[in-house]
Amino acid sequence: MNPANDKHYRERVYEIVRQIPRGRVMTYGQIAAILGEGYTPRTVGYVMHGADSEGLPWQRVINSQGKCSTGKMTIPVNLQQSMLEQEGVKFAKDKCDLKEVGWSPDGFEPEEPEQISLFSEN
DNA sequence: AACTTGACGAGGG
DNA sequence: CCCCTCGCCAAGT
């Protein structure tokens, strides 16, 4: 489903965010990948503007580098980080280890990129 | 309808 | 590790 035809794509993002367990995080890109083609990390980031007023654990969504990126004047990144630290997420400086605290919904497996061979494989 | 702005991400220098 | 570029796409002017 493409965002343009999906008037409820925001709800789909919210639904995923709601599932993130305490002390774990997901990235914008991960969520976009789950939503499918037509969705991009940017779109997810845009949708997250309204997340706090939806009563969601918005702090559990961070960028692919393991850092909080709440942008400029919306929500201070230090607030997001301290909220996460409060629920057990450890940060080295301003970055956490996604290998450790990263999370994916049950049943979701990322697709393998297709192999492109430069030479004919026989 | 054109142009700009992001709570993004991958890749290159 | 930091900085820049580019691709991405919804919204607001």
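Quick caveat: nothing in here was measured; it's all calculated off a predicted structure. Letters go in sequence order (proteins before strands), and every chain restarts at 1. Both backbone and side-chain heavy atoms feed into the values below; hydrogens, waters and symmetry mates do not.
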Distance-only donor-acceptor hits, side chain of residues 75-84 of chain A, under 3.5 Å, sequence neighbours excluded:
from, atom 1, to, atom 2, distance (Å)
Gln80(A), NE2, Gln59(A), O, 3.1
Gln80(A), NE2, Val61(A), O, 3.0
Gln81(A), NE2, Glu85(A), OE2, 3.4
Gln81(A), NE2, Lys93(A), O, 3.1
Ser82(A), OG, Asn78(A), O, 3.0
Ser82(A), OG, Leu79(A), O, 2.9

For [N], does OP1 or OP2 lie under 4.0 Å from any side-chain N or O of [X]?
X: Arg10(A); N: dA11(C); result: yes
X: Ser64(A); N: dG9(B); result: yes
X: Tyr9(A); N: dA11(C); result: yes

All pairs passing salt bridge (Lys or Arg N to Asp or Glu O under 4.0 Å) where residues 13-25 of chain A contributes a residue, at least two apart: Glu11(A)-Arg18(A), Glu15(A)-Arg18(A)
Whether Glu100(A) and Lys90(A) form a salt bridge (side-chain N of Lys/Arg under 4.0 Å from carboxylate O of Asp/Glu) is what I want to check. no
For the atom pair CD1 (Ile31(A)) and CZ (Arg12(A)), what is the distance rounded to the nearest 0.5 Å? 12.5 Å
Point-to-point distance, once rounded to the nearest 0.5 Å, from CG of Leu98(A) to OG1 of Thr27(A): 7.0 Å
May I have the distance from [X] (atom [atom1]) to [N] (atom [atom2]), rounded to whole angstrom?
X: Ile34(A); N: dG9(B); atom1: CD1; atom2: C1'; result: 16 Å
X: Leu35(A); N: dA10(C); atom1: CG; atom2: C1'; result: 14 Å
X: Ile31(A); N: dG9(B); atom1: CD1; atom2: C1'; result: 14 Å
X: His49(A); N: dG12(C); atom1: NE2; atom2: P; result: 10 Å
X: Asn63(A); N: dG6(B); atom1: CG; atom2: C1'; result: 14 Å
X: Tyr28(A); N: dG6(B); atom1: OH; atom2: C1'; result: 11 Å
X: Ile20(A); N: dA7(B); atom1: CD1; atom2: C1'; result: 13 Å
X: Glu37(A); N: dC9(C); atom1: CD; atom2: P; result: 9 Å

What heavy-atom pair brings Thr70(A) and Trp58(A) nearest, and what distance separates the two atoms? CG2-CZ3, 4.3 Å
Got a donor-acceptor contact below 3.5 angstrom from the Arg10(A) side chain to the Val47(A) backbone? no
Once you apply a heavy-atom cut-off of 4.0 Å, does Tyr46(A) come out as touching a base, just sugar-phosphate, or nothing? sugar-phosphate
Mark up nucleotides 1-8 of chain C, 5' to 3', with B wherever a protein heavy atom is under 4.0 angstrom from a base atom, S wherever such an atom reaches only the sugar-phosphate, and - elsewhere. S-----BB
